[in-house]
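Below you'll find the structure, written out as structure tokens, and then a few comments.
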Amino acid sequence: MTRALLIVTLAVGLGRGGEPPLTARERQSHVDSFEHVWKTVRDNHWDPALGGVEWQAVHDELRPSLDRVKTWDEARSVMSAMLARLKQSHFAILPADVYRDIEARPKAGKESPEQGKRPGFGDGRIGFDVRVVAGQALVTKVDEDANAWQKGVRPGWQVLRVEGEDLGQVIARIQQAYQDSSLKDFILIRGMQAKLSCEEGEAVHAEFLDGGGRKTALEMVCGKPRGAVARFGFLPPQHVWFETRRLEPNAGYVAFNMFLDPARLMPAFSDAVASFAKSDGIVIDLRGNPGGIGVMAMGMAGFFIDKPGQQLGAMFMRQTPLKFFVNPRRPLFRGPLAVLVDGASASTSEIFAGGMQDLGRARIFGSRTAGAALPSVIEKLPNGDGFQYALANYVSEGGRTLEGNGVTPDSAAAPSRESLLAGRDPALAAAVAWIQSQKKDRSGDTR
């Protein structure tokens, strides 16, 4: 089986209809998958008692049902029904077609994930970010040194097709499977990243709808990955980047793509905070940040909180609970702190944003986060479907269970095609306006 350590959570998927009857081999693959799912939950759930669920009894009740199923949908339904007994949204079966949508597209001459290769993304950089807005894959940011920028790609353009594949159909499949899940935006973004994954020097063919509503077909050359290589645990090597700049009229801005590479990121973060000592406020942009090393959130929070004993929340595992205590440090910034999040902000990003929100130390802008605060594993089952299970439970300092719920912004602000084409960033603009309003309040002015 193929395994990849991720920091996301999947909701129960929907199957496909109109299937032919199961063969004997397919039926056995479903039995093998059922047994694997059952044993994995038994051996890895953070609560050995499973919240009082009689897991052996659930097995004995549902296992005979597999002998009577006639389609893949029915087999998935049995496994989904088993997981539903846990009453936890982050244990799920992912249909094979959706599973393929969120894994990297096969490269010419290379082994595909379906042939046994570990799923993953190319190391190259396509040069632009994509979000799904109102069912459309929209470019939200373009790197000005990327070939895509040179070819004319701009924020607000809609990506219609990649290598001949209709992204609208991919989006529809994922939206159907995750229609009732907080993870929908996260999985949609992962699906778009998969389709746009590439190796350095590779040509990527895509069709866009430009700002004038015209269809434009382009061939773009994939560039060098951004950032430095970082390694952690069982994760494949990741490229981690860090960005800082000043915003008008007087605010600091910090962004980074993952909570990894602490030896490099923590000093860079400290230097950024120090450089913004005289700013009216600081904006930390965690949009698109899927998380990483949880303890880094404690260290970063310490640059804004000096009161001892504060914590962002606690993660409950099979052994000892991990409490996310804030580690006060210097330099300390006491001014307004704004945190930007979206549906692709997950795991440690949610722990940081939710914890700072609960402590009253930061105001959150953007859209609701992924609700995927837990470390989890996704595996490819014998029948080709995906199975994801969480390894812990997380409760914020305010008593909120972030898993399946996410962090709700204090000020909602999401992009649109119109705002992107006009070069506006609603969430960032709202954050800067709030920081300036806090300056006026401190000087005795009214908002």
When rounded to the nearest 0.5 angstrom, what distance separates [atom1] in [X] from [atom2] in [Y]?
X: Q238; Y: R231; atom1: CD; atom2: CZ; value: 10.5 Å
X: W157; Y: D210; atom1: CH2; atom2: CG; value: 5.0 Å
X: M300; Y: S270; atom1: CE; atom2: OG; value: 10.5 Å
X: L322; Y: M317; atom1: CG; atom2: CE; value: 5.0 Å
X: I284; Y: L337; atom1: CD1; atom2: CG; value: 4.5 Å
X: R329; Y: M298; atom1: CZ; atom2: CE; value: 10.5 Å

Given side chain to side chain contact (heavy atoms under 4.5 Å, CB included), test V273 with F304 step by step and report yes or no. CA-CA 9 Å; V273 174; F304 307 98; 4.2 Å; yes

Would you name the heavy atoms of [X] and [Y] that are closest together and state the gap between them?
X: L340; Y: A427; value: CD2-O, 3.8 Å
X: A370; Y: A346; value: CB-CB, 4.0 Å
X: R85; Y: L62; value: NH2-CD2, 4.1 Å
X: I126; Y: L196; value: CB-O, 3.9 Å
X: G288; Y: D342; value: N-OD1, 3.1 Å
X: V341; Y: P409; value: CG2-CG, 4.4 Å

Can a salt bridge be assigned to the pair [X] and [Y] using a cut-off of 4.0 Å between side-chain N and carboxylate O?
X: E243; Y: K141; value: yes
X: E165; Y: R173; value: yes
X: D185; Y: R368; value: no
X: D145; Y: R125; value: yes
X: R287; Y: D129; value: no

Does the structure place the NZ or CZ of R226 under 6.0 Å from the centre of the six-membered ring of W241, at an angle of no more than 45° from the ring's axis?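 Pair R226/W241 counts as cation-pi.
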
Report yes if some heavy atom in the side chain of [X] is under 4.5 Å from a heavy atom in the side chain of [Y]; otherwise report no.
X: M315; Y: I351; answer: yes
X: L83; Y: Y389; answer: no
X: V170; Y: M192; answer: yes
X: D280; Y: Q436; answer: yes
X: I93; Y: V37; answer: yes
X: L420; Y: V139; answer: no
X: I305; Y: P328; answer: no
X: L247; Y: L428; answer: yes

Is it true that R246 and S275 share a donor-acceptor pair across their side chains at a distance under 3.5 Å?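 No, no side-chain donor-acceptor contact under 3.5 Å.
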
Show the numbers, then the answer: is there a ring pair (Phe, Tyr, Trp, His ring centres under 6.0 Å) between F276 and F333? CA-CA 8 Å; F276 298 140; F333 184 82; 8.2 Å; no

Is it true that a side-chain atom of D385 and a backbone atom of L381 form a donor plus acceptor pair closer than 3.5 Å?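 Checking the backbone N and O of L381 against the side chain of D385, no donor-acceptor pair under 3.5 Å is found.
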
Checking T348 side chain against G292 main chain: does a donor-acceptor pair fall under 3.5 Å?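 Pair found, side chain donor or acceptor close to backbone of G292.
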
Please lay out, stage by stage, how H36 and E379 fare under the test side chain to side chain contact (heavy atoms under 4.5 Å, CB included). CA-CA 10 Å; H36 178 79; E379 298 182 333; 2.4 Å; yes

Hey, mind stepping through V240 and N257 against side chain to side chain contact (heavy atoms under 4.5 Å, CB included) and telling me if it holds? CA-CA 6 Å; V240 180; N257 63 323; 3.6 Å; yes

Using the ring-ring contact (aromatic ring centres under 6.0 Å, His included) rule, pick out the option among F324, F316, W46 that qualifies with Y394.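 Result: among F324, F316, W46, F324 is the only option passing the ring-ring contact (aromatic ring centres under 6.0 Å, His included) with Y394.
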
CA sep, side-chain torsions, deciding dist, call: E163, V204, side chain to side chain contact (heavy atoms under 4.5 Å, CB included): CA-CA 7 Å; E163 300 298 337; V204 178; 4.1 Å; yes

Mind checking whether F242 and F256 have parallel, tilted or perpendicular rings, split at 30° and 60°?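 Aromatic pair F242/F256 classed parallel.
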
Taking the inter-plane angle between the rings of F91 and H45 on a 0 to 90° scale, is it parallel (under 30°), tilted (30 to 60°) or perpendicular (over 60°)?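 Aromatic pair F91/H45 classed parallel.
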
Flag yes if more than 12 heavy atoms outside E54 fall under 6.0 Å of its CD atom; otherwise flag no.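 No.
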
